[in-house]
A.B. asks: 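There's a structure below that I have some questions on.
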Amino acid sequence: MLADHLTNAYKERQGVTPLTELEPELSIQQAYEVQLLMIQREVEAGKQIVGKKIGLTSLAMQKLLGVDQPDYGHLLDDMMIENGGQIDKKKVLQPKVEAEIVFVLKNELKGPNVTATDVLLATNYVVPALEIVDSRISDWKIQLQDTIADNASSGLYVLGGRPRSIDQLDLGQIGMVFFKNGELVNTGVGAAALGHPANCVAWLANKLSEYGITLNAGEVILSGALSAAVNAEPGDYFQAKFAHLGEVSVRFDK
């Protein structure tokens with residue numbers, strides 16, 4: 001079973017063959033079914049779903065994988081790392097780090113037909129974040145179906161800064177600078193994520209409605225990277241600074 005194939009990657013501490021090589025006819029729908037099965041197993045084992053992440057929100061990443069839509073994954077309660085904290089190398093396989101804006105909801109969002117305005121009205125506050133994306137597929141040799149089945153290449157995440165109300169900000173214009181070991185490696189702006197981060201969350205709510213899933217009050221939504229993912233090695237230190245939102249950082253153990 002494909003879900004077992006992915007689960008074994010963490011157990012064996014090494015990447016596995018792409019699912020699209022094992023099942024060349026694997027569809028996007030089937031890939032989401034694999035993801036949902038894996039998450040169901042995690043919940044049955046005692047973990048809790050605390051939010052969602054959205055991936056492939058930039059045109060560059062969509063073109064790279066030859067797709068015309070984002071994807072999504074689930075966030076579990078054991079994925080969060082404290083701001084300024086350290087990541088045990090045993091928790092990751094081949095991590096990359098992205099900087100993005102996080103929405104924390106105060107009201108539920110249930111698609112279809114959710115708009116960006118609906119998202120803004122349902123948001124309690126936003127904060128800056130680092131997402132540590134990771135792949136159970138060897139050497140990141142992924143197609144869209146591979147990353148979807150693999151929980152959208154979810155790994156860990158770090159929330160930082162200070163909570164800010166939506167009405168105080170123009171999220172599409174918020175700038176971000178991203179540092180690795182003190183060196184500037186990337187810059188970005190809120191509009192890099194589907195024109196506006198709220199558009200990403202609206203897409204998510206509408207996509208989830210296809211599976212009967214609602215975004216609930218209190219959920220944490222990683223809205224999509226504002227710049228390219230950067231490879232992480234043991235000992236690396238990452239920091240992102242966002243206009244009006246503050247800073248977020250993390251270090252990888254040696």
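This chain uses plain numbering: 1 for the first residue, then up along the sequence.
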A.B. asks: Any chance you could measure T20, atom OG1, to Q143, atom CD, to the nearest 0.5 Å?
C.D. replies: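 One finds 4.0 Å between OG1 of T20 and CD of Q143.
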A.B. asks: Using 0.5 Å steps for rounding, measure from the CD1 atom of I101 to the CG atom of L245.
C.D. replies: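 Answer rounded to 0.5 Å: 6.0 Å.
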A.B. asks: Over 60° means perpendicular and under 30° means parallel, so classify the ring planes of F238 and F252, tilted if in between.
C.D. replies: perpendicular
A.B. asks: When you group the ILVMFWY residues by side-chain heavy-atom contacts below 4.5 Å and let the links chain together, are I213 and L37 in the same group?
C.D. replies: no
A.B. asks: Heavy atoms, side chains only, cut-off 4.5 Å: are S227 and M176 in contact?
C.D. replies: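 Result yes, sub-4.5 Å side-chain heavy-atom pair found.
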A.B. asks: Report whether W140 and I137 are members of the same hydrophobic cluster (ILVMFWY, side-chain heavy atoms less than 4.5 Å apart, transitive linking).
C.D. replies: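 Yes; I137 is reachable from W140 via cluster members.
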A.B. asks: According to a hydrophobic-cluster definition based on side-chain heavy atoms being under 4.5 Å apart (Ile, Leu, Val, Met, Phe, Trp, Tyr only), do I132 and F179 belong together?
C.D. replies: no
A.B. asks: Looking at every heavy atom in both V248 and A129, which two are closest together, and how far apart are they?
C.D. replies: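 For V248 and A129, the tightest heavy-atom pair comes out as CG1-C, 3.9 Å.
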A.B. asks: Just jot down the salt bridge (charged side-chain N to carboxylate O under 4.0 Å, His left out) partners of K89, sequence neighbours excluded, or say none.
C.D. replies: none
A.B. asks: Look at atom NZ of K141 and say whether more than 12 heavy atoms of other residues, nucleotides or ligands are closer to it than 6.0 Å.
C.D. replies: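 For K141, atom NZ is not crowded (no more than 12 foreign heavy atoms under 6.0 Å).
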A.B. asks: State, yes or no, whether a side-chain contact exists between L171 and F103 at a heavy-atom distance under 4.5 Å.
C.D. replies: yes
A.B. asks: Please find the pair of heavy atoms, one from T214 and one from E108, that lie closest to each other, and give the distance.
C.D. replies: CG2-OE1, 3.7 Å
A.B. asks: Can you see which heavy atom on R136 is nearest to which on L6, and at what distance?
C.D. replies: CG-O, 3.7 Å
A.B. asks: Hey, quick one: are V104 and L222 part of the same hydrophobic cluster, counting side-chain heavy atoms closer than 4.5 Å, chains of contacts allowed?
C.D. replies: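 Yes; L222 is reachable from V104 via cluster members.
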A.B. asks: Side-chain heavy atoms under 4.5 angstrom apart, residues restricted to Ile, Leu, Val, Met, Phe, Trp, Tyr: same cluster for F242 and L169?
C.D. replies: yes
A.B. asks: Rounded to the nearest 0.5 Å, how far does CD of Q86 lie from CZ of R251?
C.D. replies: 6.5 Å
A.B. asks: Might you point out which heavy atoms bring A9 and V16 nearest each other, and give the distance in Å?
C.D. replies: CB-CG1, 3.8 Å
A.B. asks: When you look at D134 and Q94, which way does the side-chain contact (heavy atoms from CB on, under 4.5 Å) test go after all the steps?
C.D. replies: CA-CA 6 Å; D134 203 359; Q94 42 190 350; 3.7 Å; yes
A.B. asks: Could you check V119, L121, T123 and say which one makes a side chain to side chain contact (heavy atoms under 4.5 Å, CB included) with I166?
C.D. replies: T123
A.B. asks: Mind checking who shares a hydrophobic cluster with V189, ILVMFWY linked at side-chain heavy-atom distances under 4.5 Å?
C.D. replies: none
A.B. asks: For V34 and M1, run side-chain contact (heavy atoms from CB on, under 4.5 Å): C-alpha distance rounded to whole Å, both residues' side-chain angles, the deciding distance at 0.1 Å, then the answer.
C.D. replies: CA-CA 9 Å; V34 172; M1 182 179 282; over 6 Å; no
A.B. asks: My understanding is that only residues two or more places apart in sequence, or in another chain, count here; which of them pass salt bridge (charged side-chain N to carboxylate O under 4.0 Å, His left out) with D236?
C.D. replies: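 Counting only residues at least two positions away or on another chain, D236 forms a salt bridge (charged side-chain N to carboxylate O under 4.0 Å, His left out) with K180.
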A.B. asks: Among pairs that include at least one residue of residues 164-174, which meet salt bridge (Lys or Arg N to Asp or Glu O under 4.0 Å), considering only residues two or more places apart or in two chains?
C.D. replies: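 Of all non-adjacent pairs touching residues 164-174, none passes salt bridge (Lys or Arg N to Asp or Glu O under 4.0 Å).
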A.B. asks: Before giving the answer on side-chain contact (heavy atoms from CB on, under 4.5 Å), spell out for Y32 and Y72 the whole-Å C-alpha distance, their side-chain angles and the decisive distance to 0.1 Å.
C.D. replies: CA-CA 9 Å; Y32 275 119; Y72 79 88; 3.2 Å; yes
A.B. asks: Checking Q14 now: which residues fulfil side chain to side chain contact (heavy atoms under 4.5 Å, CB included) with it, not counting sequence neighbours?
C.D. replies: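 Here the qualifying residues are E12.
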A.B. asks: Evaluate side-chain contact (heavy atoms from CB on, under 4.5 Å) for D253 paired with K90, printing each intermediate quantity in order.
C.D. replies: CA-CA 9 Å; D253 283 344; K90 294 179 181 179; over 6 Å; no
A.B. asks: Could you check if a side-chain atom of N83 sits within less than 4.5 angstrom of a side-chain atom of S249, using non-hydrogen atoms only?
C.D. replies: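 Side-chain contact under 4.5 Å: yes.
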A.B. asks: Can you tell me if OH on Y125 sees more than 12 non-hydrogen neighbours from other groups inside 6.0 Å?
C.D. replies: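 Atom OH in Y125 is not packed in, count stays at 12 or less.
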A.B. asks: Name every donor-acceptor pair, under 3.5 Å, that has one atom in a side chain of residues 41-50 and the other anywhere in the protein, sequence neighbours excluded.
C.D. replies:
| unit_1 | atom_1 | unit_2 | atom_2 | d |
| --- | --- | --- | --- | --- |
| R41 | NH1 | D4 | OD1 | 2.8 |
| R41 | NH2 | D4 | OD1 | 3.2 |
| E42 | OE1 | K47 | NZ | 3.0 |
| E44 | OE2 | Q40 | NE2 | 3.0 |
| K47 | NZ | D78 | OD2 | 3.0 |

A.B. asks: Suppose we screen for side chain to side chain contact (heavy atoms under 4.5 Å, CB included). Which residues come up paired with A193, at least two apart in sequence or across chains?
C.D. replies: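 A193 satisfies side chain to side chain contact (heavy atoms under 4.5 Å, CB included) with T57, C200, L226 once adjacent residues are dropped.
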A.B. asks: When you measure from the side chain of N206 to the backbone N and O of V114, does any donor-acceptor pair fall under 3.5 Å?
C.D. replies: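 The answer is yes, because a donor-acceptor pair under 3.5 Å joins these two groups.
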A.B. asks: Partners of E210 by salt bridge (charged side-chain N to carboxylate O under 4.0 Å, His left out), sequence neighbours excluded?
C.D. replies: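 Scan of E210 (salt bridge (charged side-chain N to carboxylate O under 4.0 Å, His left out), adjacent residues dropped) gives K207.
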A.B. asks: Kindly give the heavy-atom pair with the smallest separation between I174 and A243, and that separation in Å.
C.D. replies: CG2-O, 3.6 Å
A.B. asks: Counting distance only, does the side-chain N/O of N186 pair as donor-acceptor with the main-chain N or O of F178 below 3.5 Å?
C.D. replies: no
A.B. asks: Please identify each residue that fulfils ring pair (Phe, Tyr, Trp, His ring centres under 6.0 Å) with H5, with sequence neighbours left out.
C.D. replies: none
A.B. asks: Using 0.5 Å steps for rounding, measure from the CG atom of L109 to the CD1 atom of I221.
C.D. replies: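 One gets 8.0 Å once the value is rounded to the nearest 0.5 Å.
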A.B. asks: Within this structure, what is the NE2-CD distance for the pair H74 and Q35, rounded to the nearest 0.5 Å?
C.D. replies: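 Separation between the atoms: 5.5 Å.
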A.B. asks: Output side-chain donor-acceptor pairs under 3.5 Å for residues 152-163, partner residues at least two apart or in another chain, one line each.
C.D. replies:
| unit_1 | atom_1 | unit_2 | atom_2 | d |
| --- | --- | --- | --- | --- |
| S153 | OG | T147 | OG1 | 2.7 |
| S154 | OG | N151 | O | 2.5 |

A.B. asks: Examine the side chains of D118 and T115 and answer whether a donor and an acceptor come within less than 3.5 Å of each other.
C.D. replies: yes
A.B. asks: With sequence neighbours excluded, give me every salt bridge (Lys or Arg N to Asp or Glu O under 4.0 Å) pair touching residues 216-234.
C.D. replies: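 Listed once each, the pairs are K52-E219.
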A.B. asks: Flag the pair E98 / L130 as yes when at least one side-chain heavy-atom distance between them is below 4.5 Å, and no otherwise.
C.D. replies: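 A side-chain contact is absent here, since even the closest heavy-atom pair is not under 4.5 Å.
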A.B. asks: When you compare the side chain of Q145 with that of I148, does any pair of heavy atoms fall below 4.5 Å?
C.D. replies: no
A.B. asks: Roughly how far, to the nearest 0.5 Å, is the CG atom of D150 from the CG atom of L2?
C.D. replies: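 Going from the CG atom of L2 to the CG atom of D150 covers 11.5 Å.
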A.B. asks: Might you point out which heavy atoms bring P70 and L194 nearest each other, and give the distance in Å?
C.D. replies: CG-CD1, 3.9 Å
A.B. asks: Sequence neighbours left out, what passes salt bridge (charged side-chain N to carboxylate O under 4.0 Å, His left out) with K96? Give chain and number order.
C.D. replies: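 Residues passing salt bridge (charged side-chain N to carboxylate O under 4.0 Å, His left out) with K96: none at all.
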A.B. asks: Taking side chain as C-beta onward, heavy atoms only, is L105 less than 4.5 Å from N124?
C.D. replies: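 No, their side chains stay 4.5 Å or more apart.
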